[in-house]
Amino acid sequence: MTNNPITEQEAALRLHQALTAVDPLTPEQAQALLPALVEAEHAGVDVDSDPTFAALLQHLDHNEESMALYLELSEDLELALDPAADLPAAPVPPTFFSTPVRDSGKVVLHLLPGLRRRFELTLAMPNLAPRVATLGSGGSGDQPRREHLFSSTLDEIAGKPLLAVSLHITAGVAELLVAVRDATPTTRWQVNLSLGDRSQTAQTDAQGVARFANLPVSDLQQVPDLRLTCAEVR
Amino acid sequence: MARRYAWQLVQDETGFFQAVRAEFAALNDQQQSDRRRLRIAIWRSYSVLLYRALYWRQEQAAQELWIAAMRLSLKRGFAPDDAKVLAQEVVCRLLEELPKLADRPQILLSHAIWTCRSLWREYWRQGGKMQSLMRAAADEAEETEYEPADSADVATEVEQRLMDAEIRQILEASLKNALERQVLLHIVLLGEKPRDVARDQGVPLHRARLAKSRALKRLRADPQTLQSIYKLTGQLRPPPATRGDSSDDK
């Protein structure tokens, strides 16, 4: 506790500032930050002195729903960490990755369980070495080119979406296009691209295409395959 | 914890213990017991293992997360069939969100709990079968009131720190809940750390934050109280209108 004396005027000023401070975040912005706050609190971090959390803490003083979520998450984490808490036994878990619905060696397709449509496609990386110009080719070997990696209707998935994956290569840089076309044109898909130990995320646009630009071909050549994890967005 | 959650990903025990030791050393809250800090250090270190195993699609990691989500859902009163579906969804959402955790894999387990909670709320909003039961449990948890410790002693100390008791009278008239009043006094007026105030009041930190939030809300709801407080500030300009309050006041 502080031992510094404080006048009533100073106290009133502090209180007035707290009462009239604006809410700096939307609920959506705040809720994305809540897990980090709760985790930090449980780890003993002085979150009240950390500028990272200042806006979120101020938001919690304004928004009841966010405060309720914060409370619930704090209590859930407390339960999970409490060795004395009695948790019910769980049955044998299902398998998530073990059984692909397609496996040709170069193409492996897994369906993922859950409330939304999800699938994961692993494609062997093609040979991306620059093509050598020949006498008959009429030009240099380093022309822009397109590699079609996959194109098929996914009959195994409800709605049978059409999936097409292609690489567009220009001057040592590639753009990966992932098209997921559904019977419902408004359906969007979130696509995670994993290349080795790095990953990126993109969402399909109105034409059903997710784009991953500026991929160095030299990086692509280092990995044996690329993995696309696609989840329907609602 | 390994027995409790059926954790089996540790291949290199020495490496894992070193990671736990590093996490333990980084936990700088000396007010927590060593046992608690150790549990958190293990929790965070195992999160890193789970993150890596999930990224490389190891079945064991997905199944361990499913078990944890399943057990938490069962604990919260979901029927087994519903809990299985929810647990599957938790794992799949974590797979989607792995890229967001790349910089801080230590929070994966906490993020899994967050995902459980988000799913439960979605389930209730969509009229899930357990809706009324779960709503009652959640409402009960939120409305639990805590009594402050040593309220008379704390009030005396505050009086000694303030030259004039008028602001105290305003707060006593507006805030009937003693915890709310004292949390507000100590955190806002006296600038004390919420963690310290929570400890002194004998409540969890998140409950102290809730009490402060509720106190501010009550004061904001009364324009006369706001005016009275403003007068005590001694400022000449009229108070600005309160903007951006996004709370769901009714």
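Residue numbers start from 1 in every chain, and the chains themselves are labelled A, B, ... in the order their sequence lines are given, proteins ahead of strands.
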**Message:** Nearest 0.5 angstrom please: B/L189 CG to A/L13 CG, how far?
**Reply:** 10.5 Å

**Complete:** NE2 of A/H42 to CG of B/L205, rounded to nearest 0.5 Å, is 9.0 Å

**Request:** Would you please test A/L112 and B/Q88 for side-chain contact (heavy atoms from CB on, under 4.5 Å) and show each step?
**Result:** CA-CA 9 Å; A/L112 297 175; B/Q88 280 181 339; over 6 Å; no

**Request:** Below 4.5 Å from any heavy atom of chain B, which atoms of A/V92 appear? Answer side chain, backbone, both or neither.
**Result:** backbone

**Message:** Does A/R118 form a side-chain contact (heavy atoms from CB on, under 4.5 Å) with B/E96? I'd like the steps, not just the answer.
**Reply:** CA-CA 10 Å; A/R118 292 186 180 91; B/E96 288 173 39; 2.4 Å; yes

**Message:** Is B/K100 in contact with chain A via its backbone, its side chain, both, or neither, using a 4.5 Å heavy-atom distance?
**Reply:** neither

**Message:** I'd like to know if the side chain of A/Q9 and the backbone of B/L232 have a donor-acceptor N/O pair within less than 3.5 Å.
**Reply:** no

**Asked** Taking side chain as C-beta onward, heavy atoms only, is B/E97 less than 4.5 Å from A/Q190?
**Response** no

**Asked** Who wins among A/C230, A/A231, A/A36, A/P91 for the most heavy-atom pairs under 4.5 Å with chain B?
**Response** A/P91

**Request:** Please look at A/S66 and chain B and tell me whether the side chain, the backbone, both or neither of the residue comes under 4.5 angstrom of a heavy atom of that chain.
**Result:** neither

**Prompt:** Atom CD1 in B/I107, atom CG in A/L37: separation rounded to 0.5 Å?
**Reply:** 11.0 Å

**Request:** Run the numbers on A/S49 and B/K193 for side-chain contact (heavy atoms from CB on, under 4.5 Å), then give the verdict.
**Result:** CA-CA 9 Å; A/S49 299; B/K193 292 279 187 188; 2.2 Å; yes

**Asked** Out of B/L74, B/L86, B/V197, which one racks up the most heavy-atom pairs below 4.5 Å with chain A?
**Response** B/L74

**Message:** How long is the straight-line distance from CZ of B/R195 back to CG of A/D46, given to the nearest 0.5 Å?
**Reply:** 7.0 Å

**Request:** Can you tell which part of B/L95 gets under 4.5 Å to a heavy atom of chain A, answering side chain, backbone, both or neither?
**Result:** both

**Asked** What's the shortest heavy-atom distance between A/P94 and B/W66, and which atoms?
**Response** CD-CE2, 3.3 Å

**Pair A/T229, B/R57: side-chain N/O donor-acceptor within cut-off below 3.5 Å** = yes

**Request:** Search all heavy atoms of A/S194 against all heavy atoms of B/Y55 and return the closest pair with its distance.
**Result:** CB-OH, 3.6 Å

**Request:** Let me know if A/T201 has heavy atoms under 4.5 Å from chain B in its side chain, its backbone, both or neither.
**Result:** side chain

**Message:** So that I can tick it off, tell me whether B/R104 and A/E39 are bridged by a salt bridge, with the cut-off set at under 4.0 angstrom between side-chain N and carboxylate O.
**Reply:** no

**Side chain proximity check, B/W43 to A/L77, heavy atoms < 4.5 angstrom** = yes

**Top contributor to chain B contacts, counting heavy-atom pairs under 4.5 Å, from A/P93, A/A12, A/A40** = A/P93

**Prompt:** Could B/E89 and A/R116 be called an ion pair, given the rule that one side-chain N must be under 4.0 Å from one carboxylate O?
**Reply:** yes

**Asked** Taking all non-hydrogen atoms of both residues, which atom of B/W120 and which atom of A/D76 are closest, and how far apart?
**Response** CZ3-OD2, 3.9 Å

**Prompt:** Should A/L19 and B/T225 count as side-chain neighbours, where that means a heavy-atom distance under 4.5 Å?
**Reply:** no

**Request:** Measure across A/F97 and B/A62 and return the closest heavy-atom pair with its distance rounded to 0.1 Å.
**Result:** CE1-CB, 3.8 Å

**Message:** Under a 4.5 Å cutoff for heavy-atom pairs, which residue among A/L57, A/L15, A/V38 has the most contacts with chain B?
**Reply:** A/L15

**Message:** Nearest 0.5 angstrom please: B/L185 CG to A/R14 CZ, how far?
**Reply:** 12.0 Å

**Message:** Looking at A/E72 and B/R76, is any side-chain nitrogen of the basic one under 4.0 Å from a carboxylate oxygen of the acidic one?
**Reply:** no

**Request:** Calculate, to the nearest 0.5 Å, the distance between atoms CG and OG belonging to A/L73 and B/S118 respectively.
**Result:** 8.0 Å

**Asked** Do the charged groups of B/R220 and A/D61 touch, with an N to O distance under 4.0 Å?
**Response** no

**Donor-acceptor pair, side chain of B/R209 and main chain of A/M67, under 3.5 angstrom** = no

**Asked** Do you know the tightest heavy-atom contact between B/C92 and A/P113?
**Response** SG-O, 2.7 Å

**Prompt:** By a 4.5 Å heavy-atom criterion (distance strictly below it), what part of A/N192 contacts chain B: side chain, backbone, both, or neither?
**Reply:** side chain

**Residue A/Y70 versus chain B: region with a heavy atom under 4.5 Å** = side chain

**Item:** Contact origin within A/R198 toward chain B - heavy atom pairs under 4.5 Å
**Value:** backbone

**Which portion of A/Q200 sits near chain B, non-hydrogen atoms under 4.5 angstrom** = neither

**Message:** Just checking A/D155: does its CG atom have more than 12 heavy atoms from other residues, nucleotides or ligands closer to it than 6.0 angstrom?
**Reply:** yes

